[in-house]
Amino acid sequence: MSEFSKYLSHDRVDILDVKNKKGAIDGTLELLRDSPSISDFSRVVQATWQREEALTTGLGLGIGAPHVRISAVRYPTAALTVLKRGVEYGSLDNAPVRLILLVAMPEDSQAEWLRYLARASAIFRDDAMRQKLFACTSKEALWDLVKDV
């Protein structure tokens, strides 16, 4: 397992067919619903949307990275989705988002969050890798692509 995939698993990656940002984030959040790392899923959902309303997590290059650090998370976990079509997200570069990496961390994990974001950013900045991610059409293909990066 790689530094990037250590918070992911096969059941927390998926391909979503959604029409908007709400569907994209909610669909990605849903992958965390039964995660043993989350003690209160509704608080994670609420905190994710509060964070998103305060400042967009659209990083540019077709990537959205909603994230929370909250006591309702026991240990770090993440979900990754590829969107079948880009959605308006309010990203810094105004480009539609095609990939969502949602990260939920315990409250006291600032340094860990920054390390993880740095690793994810390096992967997403690689144009060839980003295009491979966008091209995934099944959760199996997505997991095979990310499990060792």
Side-chain angles (χ1 to χ4, degrees), residues 1-18 20-52 56-87 89 91 95-149:
M1 185 159 299
S2 73
E3 186 68 24
F4 176 70
S5 65
K6 71 180 180 179
Y7 301 141
L8 294 168
S9 64
H10 183 269
D11 63 332
R12 290 196 310 268
V13 301
D14 208 354
I15 310 299
L16 300 180
D17 188 7
V18 297
N20 55 41
K21 178 180 180 175
K22 179 163 179 30
I25 292 176
D26 285 346
T28 306
L29 275 163
E30 196 58 36
L31 295 175
L32 299 179
R33 178 178 290 282
D34 297 323
S35 173
S37 69
I38 296 176
S39 63
D40 188 337
F41 180 70
S42 64
R43 284 187 57 216
V44 170
V45 171
Q46 181 182 17
T48 301
W49 279 108
Q50 283 176 340
R51 168 66 179 86
E52 193 63 40
T56 185
T57 57
L59 304 178
L61 301 174
I63 310 296
H67 55 280
V68 293
R69 285 184 300 117
I70 185 173
S71 63
V73 177
R74 294 182 186 107
Y75 51 90
T77 189
L80 180 71
T81 55
V82 170
L83 310 179
K84 287 187 176 183
R85 61 181 156 246
V87 299
Y89 200 92
S91 296
V97 163
R98 290 281 323 278
L99 183 134
I100 305 279
L101 173 65
L102 192 146
V103 182
M105 296 265 186
E107 251 176 338
D108 60 350
S109 60
Q110 172 85 12
E112 178 124 14
W113 159 242
L114 292 174
R115 278 191 304 274
Y116 191 70
L117 182 60
R119 177 65 185 131
S121 294
I123 291 166
F124 298 151
R125 280 192 311 266
D126 180 303
D127 188 55
M129 178 57 143
R130 202 171 53 255
Q131 295 310 315
K132 287 178 189 176
L133 287 163
F134 293 163
C136 287
T137 58
S138 72
K139 71 184 292 172
E140 291 76 18
L142 180 56
W143 178 244
D144 285 345
L145 185 59
V146 300
K147 68 182 177 186
D148 296 320
V149 296

L80 CG to S9 OG distance, which is reported to the nearest 0.5 Å: 11.0 Å

So does F41 get a backbone contact from the side chain of R33, meaning a donor-acceptor N/O pair under 3.5 Å? no

A side-chain contact here means heavy atoms from C-beta on lying under 4.5 Å apart; do R43 and I38 qualify? no

Check the angle between the aromatic planes of Y116 and F4 and answer parallel, tilted or perpendicular using the 30° and 60° thresholds. parallel

Distance from D127 atom CG to K132 atom NZ, nearest 0.5 Å? 11.0 Å

Consider side-chain contact (heavy atoms from CB on, under 4.5 Å). Of L83, L59, V97, which one does Y89 pass it with? V97

Taking all non-hydrogen atoms of both residues into account, name the closest pair between R74 and S39 and its distance. NH2-CB, 3.4 Å

Side chains of P96 and V87: closer than 4.5 Å at any heavy-atom pair? no

For S91 against G60, the heavy-atom pair lying closest together: CB-N, 4.2 Å

Does this structure show an ion pair linking R69 with D108, if we count only N-O contacts that are shorter than 4.0 Å? no

With a 4.5 Å cut-off on side-chain heavy atoms, are W143 and D11 touching? no

Any V44 side-chain heavy atom under 4.5 Å of I70 side chain: yes

Taking every non-hydrogen atom, the tightest pair across R98 and R85: CD-C, 3.8 Å

Are R12 and T77 close enough that a side-chain donor and a side-chain acceptor fall under 3.5 Å? yes

Would you name the heavy atoms of A24 and L16 that are closest together and state the gap between them? O-CD1, 3.9 Å

Determine whether I63 and R130 make a side-chain contact, defined as any pair of heavy atoms from C-beta on separated by less than 4.5 Å. yes

Hydrogens and angles aside, do S109 and Y75 bring a side-chain donor and acceptor to less than 3.5 Å of each other? no

Non-hydrogen side-chain atoms of W49 and D26 separated by less than 4.5 Å: yes

Taking the side chain as every heavy atom from C-beta outward, state whether L145 and C136 have any pair of such atoms under 4.5 Å apart. yes

Using every non-hydrogen atom in the two residues, find where V149 and M129 come nearest and quote the distance to one decimal. CG1-CE, 3.1 Å

Apply the side-chain contact (heavy atoms from CB on, under 4.5 Å) test between L29 and each candidate in V68, T48, T81, I100; give the one that qualifies. T48

Heavy-atom closest pair, residues F134 and L61: CZ-O, 3.5 Å

Rounded at 0.5 Å granularity, tell me how far CZ in R51 sits from NE2 in H67. 4.0 Å

When rounded to the nearest 0.5 Å, the distance separating NZ of K147 from OG of S5 is 9.5 Å

Could you check if a side-chain atom of L142 sits within less than 4.5 angstrom of a side-chain atom of L133, using non-hydrogen atoms only? yes

Between OG1 on residue T57 and NZ on residue K21, distance to nearest 0.5 Å: 6.0 Å

